[in-house]
Engineer: 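My questions all concern the structure below.
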Protein chains: 2
Amino acid sequence: MNIGQAARQTGLSAKMIRYYESIGLLKPAHRTDSGYRVYGADDLHTLAFIKRSRDLGFSLDEVGRLLTLWQDRQRASADVKALARQHIEALNQKILELGQLRDTLQDLVEHCQGDHRPDCPILKELASGSCCA
Amino acid sequence: MNIGQAARQTGLSAKMIRYYESIGLLKPAHRTDSGYRVYGADDLHTLAFIKRSRDLGFSLDEVGRLLTLWQDRQRASADVKALARQHIEALNQKILELGQLRDTLQDLVEHCQGDHRPDCPILKELASGSCCA
DNA sequence: CTTGACCTTCCCCACAGGTCAAGGTTGATG
DNA sequence: CATCAACCTTGACCTGTGGGGAAGGTCAAG
């Protein structure tokens, strides 16, 4: 199977597959005599694993660790769980931060008339700085 | 005032200040005879405005628009409000997405023994794909 | 004069790819 | 066989928001 078909089957782009190979996330694919990359069922599995891990928000670095654990028959599931937990914590942290930003902005918006007068509390707060922690 | 002091006073880095100038977010700073950038009270105000806008999660592109509105005495506050609302919507969207990822991961983690056995439901789900929408 | 802190410009690095170019392969058609 | 479209290859450059550091100029104090 060529890279394009592998891409379509996994939902990745051909570009991404080459990129993953270039950064060492994937082992170099087999090649035809003319240099085309060839992918088999195993490779598709790995690509799909990467795709789903990315969809869950893991960084490529984390995906690399997950792949290692996946391919290691001796791994402890505790390792995977720890990685996932760590990722959950990062997500929660990000969610909190974004929520605080949103709330702050929401406050500002609610104090803004939103009419045609140039007077705007949002800009005033941005200029004066009393809005930010 | 030199760029280093301006940076310390506003919480930006000298690097960022030069960058903002290079992309046209800031007007080119005045220079001494020897080429050093010099910042006055007005410039500090603008830098602080940028810093606070960035802290609220606006992109540099959005900051540029806010700056324009800020410096435009004829602006309508409705414009600022619309920009802020738009940003709030983007934040909400991102928060939702991250929350869904977290919940999915949380489910997976809860089904994982987390012991020394190699059997791990998280990896199984990542490999099989039934976990993702 | 020397030292050290500061400034300047310039280039490379990160993430996670997108986009385009120039050229080689492959397979199907006339 | 010629040709054409669709596919593949590598490579280079773009995004956004800077960080890090090199090479060299400037300034103030000792």
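Remember, predicted model here, so these are calculated numbers, not experimental data. Numbers restart at 1 for each chain; the letters A, B, ... are given by sequence-line order, proteins then strands.
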Engineer: Please give, in whole Å, the distance from dA14(C) C1' to L25(A) CG?
Structural biologist: 16 Å
Engineer: Has the side chain of Y36(A) got a donor or acceptor atom sitting under 3.5 Å from an opposite partner on the base of dG24(C)?
Structural biologist: yes
Engineer: Would you grab the first and last nucleotide of DNA chain D (5' to 3') that comes under 4.0 Å of any non-hydrogen atom in chain B?
Structural biologist: dT17(D) to dC27(D)
Engineer: At 4.0 Å (heavy atoms only), tell me whether R37(A) reaches a base, stays on the sugar-phosphate, or touches nothing.
Structural biologist: sugar-phosphate
Engineer: For a salt bridge (Lys or Arg N to Asp or Glu O under 4.0 Å) check, start with the C-alpha distance between R37(A) and E21(A), then their side-chain angles and the critical distance, and finish with the verdict.
Structural biologist: CA-CA 11 Å; R37(A) 288 174 181 82; E21(A) 185 182 316; 3.0 Å; yes
Engineer: Could you check whether any side-chain N or O of R102(B) sits under 3.5 Å from a backbone N or O of Q106(B), counting only pairs where one atom can act as donor and the other as acceptor?
Structural biologist: no
Engineer: Using a cut-off of less than 4.0 Å, is there contact between a side-chain N or O of S34(A) and OP1 or OP2 of dT26(C)?
Structural biologist: yes
Engineer: CD1 of I17(B) versus P of dT9(C): gap in Å, rounded?
Structural biologist: 13 Å
Engineer: In whole Å, what is the span from the CG atom of D61(A) to the P atom of dA16(C)?
Structural biologist: 9 Å
Engineer: Find the partner of dA21(C): check Watson-Crick (N1-N3 plus N6-O4 or O6-N4) and G-U wobble (N1-O2, O6-N3) distances, both under 3.5 Å, and reply none if neither fits.
Structural biologist: dT10(D)
Engineer: Q5(B) has an atom CD; how far is it from atom C1' of dC7(C), in whole Å?
Structural biologist: 12 Å
Engineer: Just so I know, are the side chains of L44(B) and Q9(B) near enough to count as touching, which here means a heavy-atom distance under 4.5 Å?
Structural biologist: yes
Engineer: Can you tell me how far P of dT9(C) sits from OH of Y19(B), to the nearest Å?
Structural biologist: 16 Å
Engineer: Under 4.5 Å between side-chain heavy atoms, hopping through other hydrophobics if needed: is there a path connecting I17(B) to Y36(B)?
Structural biologist: no
Engineer: I need the L83(A) CG to K81(A) NZ distance, nearest 0.5 Å.
Structural biologist: 13.5 Å
Engineer: In whole angstrom, what separates Y20(A)'s OH from dA16(C)'s P?
Structural biologist: 8 Å
Engineer: Send over the distance from K15(A) NZ to dC15(C) P, rounded to a whole Å.
Structural biologist: 16 Å
Engineer: What integer distance in Å separates I3(B):CD1 from dC6(C):P?
Structural biologist: 13 Å
Engineer: Side-chain contact test, heavy atoms from C-beta onward, threshold under 4.5 Å: evaluate it for L56(A) versus H87(A) and give yes or no.
Structural biologist: no
Engineer: Would you find a donor on one side and an acceptor on the other, under 3.5 Å apart, between the side chain of E62(B) and the backbone of S59(B)?
Structural biologist: yes
Engineer: Hey, which of these two, F58(B) or D33(B), hits DNA chain D nearer its 5' end, going by closest nucleotide?
Structural biologist: F58(B)
Engineer: Determine which nucleotide pairs with dG30(D), using a 3.5 Å limit on both distances of a Watson-Crick or G-U wobble pair.
Structural biologist: dC1(C)
Engineer: If each of T32(B) and R54(B) is mapped to the nucleotide of DNA chain D with the nearest heavy atom, which maps nearer the 5' terminus, i.e. the 5' end?
Structural biologist: R54(B)
Engineer: Let me know, please, whether V38(B) or S59(A) comes out on the 5' side of the other along DNA chain C by nearest nucleotide.
Structural biologist: V38(B)
